[in-house]
Amino acid sequence: HGVSLVDRSCYTCKDYNYDEGEVETREICPDIYDVSGKCEAKISTDVIAYPNENACNYIDGIKVLKHSANGVVYRPYHGTKGAALAIAFFATLFIVLAFYVCNLRSRVRLAKKRAALAAGAYSTSPKSKKGFFKTLKKKLSFRRNKKKDKEASL
């Protein structure tokens, strides 16, 4: 990073004249003040006859913000209560509907099981349950036994 062209030092407008014991205002200070943006809206007209309100909108738009070390400005989000309530409502509704769908799916599964039991197509005895791997093993062992029988007959 190079050297900044902007001097961020603070300088006083007071100029001490030690010879005469007086404090004077530096010449540049009134000139800078005259051309600077001002918002004199809340100053009494007794003090200033024609208050300068040209920069009030600009100054109102400037907020003191937190800066990070890398120069990024962080501003807290101030959303509306309505948006927060809508988000909370729909998130809660989503969760409730997800549980309701799970409940309905389990009821349908249970109803199908009951209908199959009533029709006699589904048995709960452990002997009649056949898994994929048990059926596959039985088929493979049948083929092996068939090959052994062929070889033995030769």
Side-chain angles (χ1 to χ4, degrees), residues 1-140:
H1 295 69
V3 178
S4 175
L5 297 175
V6 178
D7 186 8
R8 293 181 181 232
S9 301
C10 185
Y11 296 99
T12 182
C13 282
K14 294 179 183 178
D15 195 11
Y16 297 99
N17 187 345
Y18 293 105
D19 295 336
E20 297 176 17
E22 294 179 356
V23 177
E24 299 174 354
T25 303
R26 293 188 176 181
E27 289 179 29
I28 195 166
C29 291
D31 296 339
I32 291 174
Y33 179 76
D34 288 339
V35 296
S36 67
K38 294 178 239 358
C39 181
E40 300 169 336
K42 295 184 180 181
I43 297 177
S44 172
T45 54
D46 297 338
V47 177
I48 298 175
Y50 302 103
N52 183 350
E53 299 175 7
N54 293 335
C56 290
N57 289 336
Y58 177 75
I59 293 171
D60 286 341
I62 296 174
K63 306 283 184 212
V64 177
L65 302 172
K66 181 179 175 183
H67 290 32
S68 70
N70 62 359
V72 176
V73 176
Y74 293 101
R75 185 174 66 172
Y77 173 72
H78 298 290
T80 62
K81 283 186 179 181
L85 289 174
I87 290 170
F89 173 75
F90 285 113
T92 305
L93 183 66
F94 175 78
I95 291 169
V96 167
L97 287 176
F99 278 110
Y100 184 66
V101 166
C102 288
N103 185 7
L104 286 178
R105 288 184 72 193
S106 66
R107 285 184 180 187
V108 166
R109 194 176 319 121
L110 189 61
K112 283 183 180 180
K113 214 179 231 186
R114 285 183 184 155
L117 279 172
Y122 184 77
S123 175
T124 58
S125 66
K127 291 181 182 177
S128 66
K129 284 189 178 179
K130 293 182 180 177
F132 172 76
F133 292 107
K134 287 183 179 180
T135 308
L136 185 63
K137 186 177 177 183
K138 193 173 188 181
K139 285 182 181 179
L140 289 176

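- By the neighbour-count criterion of 12 heavy atoms within 6.0 Å, atom CD of Glu22 is densely surrounded, having more than that number from other residues, nucleotides or ligands.
- Annotation for Asp31: atom CG counts as buried by contact number, over 12 foreign heavy atoms lying within 6.0 Å.
- The two residues Cys56 and Ala41 make their nearest non-hydrogen contact at SG-CB, 4.1 Å.
- Counting all heavy atoms, side chain and backbone alike, Val47 lies closest to Ile43 at CB-CG2, 4.0 Å.
- Atom CZ in Phe90 sits 11.0 Å away from atom OG1 in Thr92 (nearest 0.5 Å).
- Counting only distance, with no hydrogens or angles, the side chain of Glu24 and the backbone of Asp15 share no donor-acceptor pair below 3.5 Å.
- The environment of CZ in Arg114 is sparse: at most 12 heavy-atom neighbours from other residues, nucleotides or ligands sit within 6.0 Å.
- The line from CZ of Phe94 to CZ of Phe99 is 10.5 Å long, rounded to the nearest 0.5 Å.
- Within a 6.0 Å radius of CG in Leu104, more than 12 heavy atoms belonging to other residues, nucleotides or ligands are found.
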